[in-house]
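Each remark here refers to the structure printed beneath this line.
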Amino acid sequence: MVQSVQRAIRILRQLATDGPRLGVTELADRMGLAKPTVHALLRTLESEGLVSRDSEGSKYRLGPDLVAFGNAYLDTHELRSRSLTWADLLATRTKEAVWVGILTGNRVLVVHHAFRPRGTGQILEVGATIPWNTNALGKAIVAASVPALGKELLAGELPALTGASITDPAVLARQLDEAARAGYAIEDQESTIGDGAVAAPIFDRSGQVAGAIGIVGPVERLLAEPTWQELAVAVREVARNLSRELGARRGSAIHLQS
């Protein structure tokens, strides 16, 4: 491991999570490093366009060149490219917004967002990251993954985004068991007040979980009886078809069985 590279990455993560603007002293204190070391790293990152300084020159923020890296990652991500048509079809069929996400660490990264048809005032959520325990995508992914992953995540930090966010490992473990049996997971105002979601896992050619696809919308519309059951059927069907397009073989996972 190259220490200077690790430290530079830690700076970028600090600016991404604790920013948007931080000074040399603030970064040095949070990272436990000497100010000259942090200053040298910031100047190097600035020269490469990965961080930039404000007009006063005393605070740093993430730089514009990071956008190009992010866009390149999304453009070359197989799950995202394969999901474009399927997400649009699911949005048209259910008349709701559709998200596709992958697990990165203990958070879900939204790699594609199909808008709700004829909807107004919608915000593109591609690139957003959400704690895995607060959304249906994360629960669907973890429930379908190897048990060791679930144990590791349940033993880690379980943030709360709303009063409905579930942070009790025992309760989450039961939800994961239910999601594994049903083949889909549900979210009830756990990341955003007023919103619910239904999501199902997607598998790749190796039979491993590649991500998840889910419907997101007003909780009174999504989770009403018997609507949520109909939506769950639609989500599972699209997840199964998308999995097969990624190369997953029929019967390679319980959720792909007809």
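We use all heavy atoms of the structure for the numbers below, so side chains are in, but hydrogens, waters and symmetry mates are not. The model shown is predicted, which means the values in this text are computed figures rather than measured ones.
Between Trp86 and Asn241 the shortest side-chain heavy-atom distance falls below 4.5 Å. In this structure, the side chains of Leu223 and Trp228 come closer than 4.5 Å at one or more pairs of heavy atoms. Side chains of Val98 and Val216 form no contact here, defined as non-hydrogen atoms less than 4.5 Å apart. Using a 4.5 Å heavy-atom threshold, the side chains of Leu103 and Trp132 count as touching. The shortest side-chain heavy-atom distance between Val100 and Val110 does not fall under the 4.5 Å cut-off. Between Leu79 and Ile102, some side-chain heavy-atom pair lies under the 4.5 Å cut-off. No side-chain heavy atom of Leu15 sits under 4.5 Å from any side-chain heavy atom of Pro20. You'll find the side chain of Arg7 reaches within 4.5 Å of the side chain of Thr37, heavy atoms only.
Checked by atom type and distance alone, the side chain of His113 pairs as donor or acceptor with a backbone atom of Glu125 at under 3.5 Å. In this structure, the side chain of Glu245 does not engage the main chain of Ser243 through any donor-acceptor pair within 3.5 Å. Judged by distance alone, the side chain of Thr92 and the main-chain N or O of Asp88 form a donor-acceptor pair under 3.5 Å. Glu187 contributes a side-chain N or O that, together with a main-chain N or O of Ala136, makes up a donor-acceptor pair within less than 3.5 Å. Between the side chain of Arg236 and the backbone N or O of Ala200, no donor-acceptor pair lies under 3.5 Å. Remark: the backbone N or O of Ala248 is not paired with any side-chain donor or acceptor of Arg205 at under 3.5 angstrom. The closest donor-acceptor contact from the side chain of Thr162 to the backbone of Ile193 lies at 3.5 Å or more, if one exists at all.
Atom NE2 of residue His39 and atom OH of residue Tyr60 lie 4.5 Å apart, to the nearest 0.5 angstrom. Of the inter-residue distances, the one linking Leu45 atom CG with Ser52 atom OG reads 11.0 Å to the nearest 0.5 angstrom. Considering CD of Gln208 and CD1 of Ile202, their distance stands at 14.5 Å, rounded to 0.5 Å. We find the CG-CG distance between Leu84 and Leu89 to be 11.0 Å, quoted to the nearest 0.5 Å. We find the CG-CD distance between Leu246 and Glu78 to be 5.5 Å, quoted to the nearest 0.5 Å. In this structure, the separation between OG1 on Thr129 and CG on Asn135 is 10.5 Å, given to the nearest 0.5 Å.
One finds a salt bridge joining Glu237 and Arg93 here, because a Lys/Arg side-chain nitrogen approaches an Asp/Glu carboxylate oxygen to under 4.0 Å. A salt bridge is absent between Lys35 and Glu26; no separation between the charged side-chain nitrogens and carboxylate oxygens falls under 4.0 Å. Between Arg21 and Asp54, at least one side-chain N (NZ, or NE/NH1/NH2) sits under 4.0 Å from a carboxylate O, which counts as a salt bridge.
Between Ile186 and Lys139, the shortest heavy-atom contact is O-NZ, 3.7 Å. Scanning both residues, Arg80 and Ser83, for their nearest heavy atoms gives O-OG, 2.9 Å. Considering every non-hydrogen atom in both Gln175 and Ile166, the closest pair reads NE2-CD1, 2.9 Å. The two residues Val209 and Phe203 have their closest heavy-atom pair at CG2-CE2, 3.7 Å. Across all non-hydrogen atoms, the minimal contact from Ala173 to Leu154 is CB-CD1, 3.9 Å. Between Thr167 and Leu158, the closest heavy-atom pair is CG2-O, 3.0 Å.
When the options Asn133, Ile130, Thr134 are evaluated for a side chain to side chain contact (heavy atoms under 4.5 Å, CB included) with Pro159, the one that passes is Asn133.
A 6.0 Å sphere centred on CZ of Arg61 holds more than 12 heavy atoms belonging to other residues, nucleotides or ligands. Within a 6.0 Å sphere centred on CD of Gln6, heavy atoms belonging to other residues, nucleotides or ligands number more than 12. Surrounding CD of Gln3 are at most 12 heavy atoms belonging to other residues, nucleotides or ligands under 6.0 Å away.
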- Message: Test side chain to side chain contact (heavy atoms under 4.5 Å, CB included) on Val219 and Asp195; report intermediate values, then the result.
- Response: CA-CA 5 Å; Val219 65; Asp195 282 353; over 6 Å; no

- Intermediate values then yes/no, side chain to side chain contact (heavy atoms under 4.5 Å, CB included), Ile215 and Leu222: CA-CA 8 Å; Ile215 300 168; Leu222 261 65; 3.9 Å; yes

- Evaluation steps, side chain to side chain contact (heavy atoms under 4.5 Å, CB included), between Leu42 and Val24: CA-CA 8 Å; Leu42 284 167; Val24 175; 3.8 Å; yes

- Task: Walk me through it: do Arg53 and Glu46 pass the test side chain to side chain contact (heavy atoms under 4.5 Å, CB included)?
- Result: CA-CA 8 Å; Arg53 278 183 287 178; Glu46 183 184 12; 3.1 Å; yes

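The cluster map of Ile, Leu, Val, Met, Phe, Trp and Tyr, joined by side-chain heavy atoms under 4.5 Å apart, puts Leu161 and Val171 in the same cluster. Transitive grouping of hydrophobic side chains (ILVMFWY, heavy atoms separated by less than 4.5 Å) brings Val146 and Val108 into a common cluster. Note on Leu12 and Val5: separate hydrophobic clusters, where clusters join Ile, Leu, Val, Met, Phe, Trp and Tyr whose side-chain heavy atoms are under 4.5 Å apart, directly or indirectly.
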